[in-house]
Amino acid sequence: MQQMSQESSVFALLPSGIETSSQEAQALGNIIGELNAEGRYITNKALILKLIEKLEMTSDVIELDVYRHVLEVIIGNTPDDA
């Protein structure tokens with residue numbers, strides 16, 4: 001149950017202009033699914049690391065743009081270590 005609330009809070013990070021059917025939301029959903037399949041917790045750190053991995057492995061310009069945008073949103077909403 002906690003996993004579901006974590007997923008909901010992650011999707012809440014997306015700007016209001018991004019629909020849940022958008023490429024960014026789909027990419028984020030796929031990444032969350034991959035992390036779940038690996039048995040990992042859904043944290044900002046895990047999402048950032050997975051997005052960086054995707055950026056390193058992808059050569060498609062459109063996919064790169066989608067991953068960069070999702071990464072920007074996640075990093076922009078991650079609290080700083082004070």
Side-chain angles (χ1 to χ4, degrees):
M1 189 66 167
Q2 184 176 358
Q3 190 72 20
M4 186 62 99
S5 65
Q6 288 176 337
E7 289 176 19
S8 298
S9 66
V10 169
F11 278 111
L13 294 177
L14 292 175
S16 58
I18 295 178
E19 298 178 19
T20 55
S21 62
S22 71
Q23 289 180 323
E24 288 86 357
Q26 290 174 357
L28 183 57
N30 290 340
I31 290 170
I32 289 171
E34 289 177 24
L35 291 171
N36 279 332
E38 295 169 6
R40 296 172 60 191
Y41 289 107
I42 309 302
T43 63
N44 286 348
K45 180 179 178 180
L47 290 169
I48 291 167
L49 291 173
K50 184 60 90 169
L51 283 162
I52 291 171
E53 176 185 316
K54 293 286 189 185
L55 286 168
E56 291 175 345
M57 303 299 289
T58 304
S59 60
D60 183 311
V61 176
I62 294 172
E63 285 184 37
L64 287 170
D65 190 46
V66 169
Y67 291 138
R68 270 191 226 109
H69 187 241
V70 175
L71 181 61
E72 179 181 307
V73 170
I74 299 295
I75 290 174
N77 288 292
T78 300
D80 291 334
D81 292 337

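Fair warning: this is a prediction, and the values are worked out from it, not measured in the lab.
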Discussion item. So, taking the atom named CG in Asp60 and the one named OH in Tyr67, what distance separates them when rounded to the nearest 0.5 Å?
Written reply: 9.0 Å
Atom pairs and distances, donor-acceptor, side-chain atoms in residues 49-58, under 3.5 Å, two or more places apart:
| unit_1 | atom_1 | unit_2 | atom_2 | d |
| --- | --- | --- | --- | --- |
| Lys50 | NZ | Glu38 | OE2 | 2.7 |
| Lys54 | NZ | Glu34 | OE1 | 3.2 |
| Lys54 | NZ | Glu34 | OE2 | 2.7 |
| Thr58 | OG1 | Lys54 | O | 2.7 |

Discussion item. As a quick check of understanding, evaluate side chain to side chain contact (heavy atoms under 4.5 Å, CB included) for Val70 and Leu47, giving each step before the final call.
Written reply: CA-CA 9 Å; Val70 175; Leu47 290 169; over 6 Å; no
Worksheet item: In Å, rounded to the nearest 0.5 Å, how long is the span from CD1 of Ile74 to NE2 of His69?
Response: 10.5 Å
Worksheet item: At their closest point, which heavy atom of Gln23 faces which heavy atom of Val66, and how far apart are they?
Response: OE1-CG2, 3.5 Å
Item to complete: Could you grab the distance from atom CG of Leu71 to atom CG of Leu28, nearest 0.5 Å is fine?
Response: 11.0 Å
Response to the item:
To the nearest 0.5 Å, atom CD1 of Ile75 lies from atom CG of Asn44 at 9.5 Å
Worksheet item: What is the minimum heavy-atom distance between Ala46 and Tyr41, and which atoms define it?
Response: CB-O, 3.6 Å
